[in-house]
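Heads up, the thing below is written out as structure tokens.
Each chain gets a letter, A, B and so on, in the order its sequence line appears, and its residues count up from 1.
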2 protein chains.
Amino acid sequence: MSEPRETKASPAMADTDIAIVRIAPETSFKNKAYEALKEAILKMDIYATPEPVMLDERALSERLGVSRTPIREAIAMLEQDGFVKTVPRRGIVVVRRTKAEIVDMIRAWAALESMAARLITTTARKKDISALRDFFKDFNNDRLPQDHIEEYSRANIAFHQALISLSESPVLVDLTNDLLLHVRGYRQLTIGRKDRTATSLPEHLAIIEALEARDTELAEKRARDHTLGLAAYVEAHGQELFT
Amino acid sequence: MSEPRETKASPAMADTDIAIVRIAPETSFKNKAYEALKEAILKMDIYATPEPVMLDERALSERLGVSRTPIREAIAMLEQDGFVKTVPRRGIVVVRRTKAEIVDMIRAWAALESMAARLITTTARKKDISALRDFFKDFNNDRLPQDHIEEYSRANIAFHQALISLSESPVLVDLTNDLLLHVRGYRQLTIGRKDRTATSLPEHLAIIEALEARDTELAEKRARDHTLGLAAYVEAHGQELFT
DNA sequence: TGAAGATTTTTGGCATACCAAATACCACGA
DNA sequence: TCGTGGTATTTGGTATGCCAAAAATCTTCA
């Protein structure tokens with residue numbers, strides 16, 4: 001059962017090491033199911049209907065063409081993420097967050113992002129910091145964010161993720177991404193509001209300026225206050241969205 | 001197949017609702033296995049041996065007296081937590097963190113704790129804040145922390161967890177607990193160091209004072225700097241612990 | 001007609017069997 | 001003795017089947 005890795009196994013070619021990339025790990029059905037279900041959950045509007053959204057193992061296994069086993073493992077993973085909650089003998093329900101929980105998550109996000117800003121002032125390159133402006137290059141006084149809310153919202157998220165990434169901290173990046181996934185479904189309904197969008201862009205630019213100035217305390221404060229502002233906004237105006 | 005819920009199902013007792021606590025959900029084998037494995041992993045000293053620690057599904061299922069199915073689901077959950085990593089056709093390995101990762105986690109912890117401190121200054125009761133001193137009531141000039149490192153280390157962790165809890169923020173609490181679990185195994189080897197322990201207690205007291213004074217900015221800064229100090233310490237002195 | 005009660009169906013939990021890849025092991029031959 | 005090739009074993013991945021609890025549906029009788 002010789003593997004066609006090399007034609008010959010002579011020691012002479014020990015370090016010629018042709019670019020063998022460990023073949024393809026062929027992600028398992030479990031992981032495929034996890035990704036598929038996660039995407040599906042994030043895509044649907046959980047807050048649209050009053051009745052809870054349920055998932056059915058057998059239906060999903062048939063739908064994805066695999067057995068229940070990998071489906072169940074994927075669901076166990078999603079439950080760890082806090083996206084679903086399985087109730088024994090009852091069903092699997094997609095978790096709906098309350099307004100208080102969303103606000104709480106945004107606060108944690110603010111904490112992580114302000115730390116990212118702090119780190120950036122001491123390690124990031126000037127060039128990379130300045131590049132953050134590019135996310136908003138399509139917006140100006142002639143093309144206001146509040147007139148292209150959908151587009152601005154995407155730029156907004158991309159900006160925040162790029163900002164965190166500049167911290168070079170995998171933990172901050174991962175934790176923030178997780179939080180953003182939860183806030184997101186709700187986000188599209190709130191961030192888009194014109195009244196807040198108007199103040200968003202100037203605040204972003206102010207953050208970038210503080211970062212460029214290497215003003216650690218100021219950058220941290222501006223990043224924190226900006227996101228805490230969103231939390232306060234949601235807390236004050238997000239009432240109607242939660243049943 | 002009548003269930004002995006009530007002797008009679010007359011509408012008259014519809015809202016008498018005797019404290020029925022949903023019976024016992026009898027935590028599933030999956031969850032039992034998850035808890036058991038998690039505890040086992042946290043208890044062992046992963047950094048002791050040079051070779052990676054492996055887990056065997058079949059051995060575990062036999063050990064815990066259940067089939068592989070719930071074991072595999074538990075492992076899928078642990079993998080989400082970042083405690084283990086399963087390599088197809090190779091095995092399940094308990095993840096070992098590098099020094100850089102531990103430092104990174106401590107920084108994130110600092111971010112979350114400083115936000116907790118911020119929130120506490122605006123919402124917590126004076127009484128609850130002052131109660132934080134109790135964790136250190138067994139230490140004083142006649143009984144120095146550095147002479148009872150093991151005991152002080154426990155008090156230290158308890159203090160930090162109590163602090164975060166005072167924020168009344170479930171997200172901050174959960175995220176911090178997760179981070180602490182990862183840092184912990186390493187922590188017993190570093191926090192215990194005498195040189196740092198000596199400065200730890202005064203800093204804790206300073207944090208409490210700022211909280212009592214309702215000085216938001218100061219409390220936040222002290223909480224952040226205290227934990228960032230730990231991060232810096234680990235970064236500087238934790239070399240030898242990672243192979 | 002209506003509701004208690006029995007029956008069927010649905011749903012998640014768990015055990016088991018088999019597969020294929022990766023590895024370990026072993027015998028044979030130069 | 002060394003190593004080459006093949007076979008047995010190990011290990012995670014997946015499919016299936018059955019169980020019991022809970023819900024839905026049907027039955028029956030006052």
Over how many whole Å does the gap from [X] atom [atom1] to [N] atom [atom2] extend?
X: B:Leu64; N: C:dC14; atom1: CG; atom2: C1'; value: 14 Å
X: B:Lys32; N: C:dA15; atom1: NZ; atom2: C1'; value: 16 Å
X: B:Met77; N: C:dG13; atom1: CE; atom2: P; value: 11 Å
X: B:Asn31; N: C:dG13; atom1: CG; atom2: P; value: 9 Å
X: A:Phe29; N: D:dG12; atom1: CZ; atom2: P; value: 19 Å

Any side-chain donor paired with an acceptor under 3.5 Å for B:Asn156 and B:Ser153?
no
Self-check item: B:Tyr34 and A:Gln80: side chain donor to acceptor below 3.5 Å
Solution: yes
> Is the shortest side-chain N to carboxylate O distance from B:Lys99 to B:Glu235 below 4.0 Å?
Replying inline: no
Of B:Arg89 and A:Val66, the one whose closest nucleotide on DNA chain D sits nearer the 5' end is B:Arg89
One should read off an interatomic distance between A:Ser61 OG and A:Arg68 CZ, to the nearest 0.5 angstrom, of 7.5 Å
Between the CZ atom in A:Phe135 and the NE2 atom in A:His160, the distance rounded to the nearest 0.5 Å is 11.0 Å
Expected list for residues 67-75 of chain A near DNA chain D, using heavy atoms below 4.0 Å, is A:Ser67, A:Arg68, A:Thr69, A:Pro70
The correct set of residues in residues 51-63 of chain A placing a heavy atom under 4.0 Å from DNA chain C is A:Leu55, A:Asp56, A:Glu57, A:Arg58
Self-check item: Donor-acceptor under 3.5 Å (A:Thr227 side chain, A:Arg224 main chain)
Solution: no
Ignoring hydrogens and geometry, is there a side-chain-to-backbone donor-acceptor pair from B:Glu101 to B:Thr98 under 3.5 Å?
yes
Which of A:Asp104, A:Leu175, A:Thr176, A:Asp178 passes side chain to side chain contact (heavy atoms under 4.5 Å, CB included) with A:Trp109? It is A:Thr176
